Each structure stands twice: as C-alpha cells, then as structure tokens.
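Here the structure comes first, spelled out in structure tokens, and everything after it is commentary.
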Amino acid sequence: MISAASRPYIDASVPVLREHGVAITTTFYRNMFAEHPELTKLFNMGNQATGAQQQSLASAVFAYAANIGDPGALAPVIERIVHKHVSIGIRAEHYPIVGRHLLGAIASTLGEAATPPLLAAWDEAYHSLAALFIEAERAMYAEAGISPGQRRAMRVTEVTQESADVVSIRMTPEDGAPVAIGKPGQYLSVQVDFADGHRQIRQYSLSDTTQPDSLRVSVKRAPAGAGTPAGEVSNWIHDNVRVGSVLQVSPPFGDFAPECESDEPVVLLSAGIGITPMIAALKRIAQAHPRRHVIFAHAARNAQHHAHQLDVAAARSVMPNLQVVTFYEEVSAHDVAVLTGWMDVTYLPAWPRQEANVSMCGPLSFMQAQWLALVGAGVPVTRLHREVFGPDMLDHLL
C-alpha cells in the first residue's frame, strides 16, 4: 500500500494527527468548499455545522495512518465507506481535489513540521488509498448498473406514522420498472433539492425488504438540540412528503447485514431509530423462516417513541419462537411486559452464545455498552455485528 521509504514518515505522523487532526480537517473542508462550492451538495452540511464531519475525517486519516501496516483492519472500514460514497455519487475526479486540499491543510496546519519528505509520503499514501477507493467504487457502480450520482424517481404510495417522531415511507419506481430490492441492514440515499437551490443527500435504513415491487424506509424527525441543528432533510420529509410525492433515491447500499436466511438462532438488539434495520430483518425472517428462534430486544424512551410496534406484533403472530423484550426509560401504568431503564442483556432470554449472531443498531453509547456486556457474558466478538456511521465506525481502530 505504501513504499518502505514513506512508511517511517506516516508512522511518525500518528501522534501529530491525534493532536492536530481536527484542525487539519477543518482547514481542509473550509478551503475545499471555498474553491468547489458545488461539493457541498455531496456532504452533510448539518454535520459540518456541528463539527461531526471534521471529526469523522480526522478519525479516518488517523486510523489510516495508525493501521497502514494492517490491511485486514482497514478493509472493513474501506468497504463501508465505499458503499456510502457510491450511494451519494462520489466520482473518480473528486479524489485529486480532495488530495490537493488535504495535503494543503496538512502543510498549513503543521507549518515547518510539514517537511517535503513528510508531504511526499502523505501524497503517496493518499493516492494509494484513493486508487483503492476508485477501483472499488467503479466495480460497485457497475454492479448496481448506475453511473455516479444517478438517482431514480420513486413515487410514495404509503406514509405511516410509526411513533411520535418516526414515519415510514413506502415507495415504488415511477417508471414502473422492477425495484432494486435491498437487504435488511442496507439504506437508501434520498436527495432533496430545496427551494433556494441547495441540495442535500441523506441515508435512511430500509425498514421492509419483503415486498417485490416496493421499498420502505423509516425517518425520524430531528429537532434542534444543544449545539445541534435541526435535521434539514429528515424534517423536510416529515413536513412535505405525502402519498403521491416523488423522491429521488439511490439503489440500496450498505454492508451491514443481519443474518436472515439461516435457521440458526439470532439476537437483534436496537435502541431508538436503530430499530429500523432490525425491523427489516425481523420481517424478512418472519417471511422466510417463521419458526426460527429469534430474540428481538428494543429500548425506547417510552411507548409514544417506540416505533414499529405493529410490525413486531405481526411477526409475533406468525413466529412461535420469537421472544420480544422491551425496555422503556419512562414507564406508565398502561405499559405491559415492559422493563424499566436502559437495555440490560442480563434480562434477555438465554441463547447459545457460541452459535447465535447478535446484530445491534442504535446510538454509539448504546452499542458500546451492549458490546461490552455481551463480551462479558461470553459472546464471541466474531458473533457481534453493529451498524455505525460517521466517526463511530472507526472507534475500534482509534
């Protein structure tokens, strides 16, 4: 991946990137967007406003440097990023732009410490990595049968209020051609062109893949919080999308894949909007293997914020070996068979630890807590799988 001459300079960069990574990536984005404002259409500008995007790139650059001699550690992260890039339409010609501004940001941030040999090493390392991305993305575009940035018009046929802040949206292709059926765990990129001319793209997990002629995603309304802007695309969807609306959507992408096609026992854990891919998995299992032993555990704030309850009930009606466990932070007198507080794996039914895959999705703190608890309970790490985005996907490498 990188020459022996350049490797020492990359290794020496690890502590520097840990200290100055966010400063470098902040400079990078500022300069790149100033010269290429059209690229803002490909980036989540809400994450730019909070600094999450800058932290994500800093984490990626640091993880690359720290693990440059271990391709096995980097490969899963690269695959996940490739799926994301293809879903939003990254092109080969974007990489020289990114490389030039990234090297420029390293040089301006580090000053005299950015010696010519150091910059030459990073130039080599960047172009080596870019070549991997470009080739993998070229293959994925070809497999999907699309060109970079190509979207498909999908007409909304059903909008369902799943909870106080989550709606499900079912869509069929506007052209009447067959739908590109995704897998549970994958997502669609939805493009919104706003009235003022700016464009944003967001990813939403599929919440149903069982219908041959349609796809369904579930979207949570995202109000502004402390230091966090409101979710521009998610809130627009809640406020504007109705039956008959037409959305510009990518094919399904994503490498997170809860195991749905075998007869082995499986455990599905979720919190909040993380229930979305788990519901897709549950619906597929109910369709294909209804007698399979499944533990489905979900944590929500309360009953009003517990999405997809009807989907769970439908699965229970046809799955005699489905065990459902629900945790609410706020429990009312009307809640039945609900445990109070955050999810605690000690309250889950027993399952064969060495034989069952465990998939989880939710806030990072939720997944970290469950991961540690499950490993402590004897679940092999190889049996644990999680859906993560942004800098969260790199926390095991940092």
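Here the structure is a predicted model, which is why all the values come from computation and not from measurement.
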For Asp193, enumerate each residue passing the salt bridge (Lys or Arg N to Asp or Glu O under 4.0 Å) test, keeping only those at least two apart in sequence or located in another chain. Arg199
May I ask you to decide whether Asp263 forms a salt bridge with Arg291, counting only side-chain N to carboxylate O separations under 4.0 Å? no
Residue pair Gln354 / Pro380: nearest heavy atoms and the distance that separates them: OE1-CG, 3.3 Å
Within this structure, what is the OG1-OH distance for the pair Thr115 and Tyr9, rounded to the nearest 0.5 Å? 6.0 Å
Expected output: side-chain Gln54 to main-chain Gln48 donor-acceptor under 3.5 Å: yes
Could you walk me through whether Glu387 and Arg80 pass the salt bridge (Lys or Arg N to Asp or Glu O under 4.0 Å) test, one step at a time? CA-CA 10 Å; Glu387 170 67 308; Arg80 182 154 292 187; 3.7 Å; yes
Tell me whether Arg301 is salt-bridged to Asp165, with the criterion being a basic N under 4.0 Å from an acidic carboxylate O. no
Electrostatic pair Glu259-Arg383, nearest N-O below 4.0 angstrom: no
Do Val159 and Arg242 have side chains that get closer than 4.5 Å, going by heavy atoms? no
Interatomic spacing from OH in Tyr95 to OH in Tyr126 - rounded to 0.5 Å: 7.0 Å
Describe, in one word, how the ring planes of Phe43 and Phe33 are oriented to each other, choosing from parallel (under 30°), tilted (30 to 60°) and perpendicular (over 60°). perpendicular
Report the distance from atom CD1 of Ile279 to atom CZ of Arg284, rounding to the nearest 0.5 Å. 15.5 Å
When His306, His334, His298 are each screened for ring-ring contact (aromatic ring centres under 6.0 Å, His included) with Tyr328, the one that passes is His306
State, to 0.1 Å, how close Ile275 and Ala307 come at their nearest heavy-atom pair, and which atoms those are. CD1-O, 3.3 Å
Should Ile146 and Val190 be counted in the same cluster of Ile, Leu, Val, Met, Phe, Trp and Tyr side chains packed under 4.5 Å apart? no
Atom CE of Met140 and atom CD of Glu143: how far apart are they, to the nearest 0.5 Å? 7.0 Å
For Ser359 and Met278: C-alpha separation, side-chain torsions, deciding distance, then whether side-chain contact (heavy atoms from CB on, under 4.5 Å) applies. CA-CA 8 Å; Ser359 292; Met278 300 309 165; 3.9 Å; yes
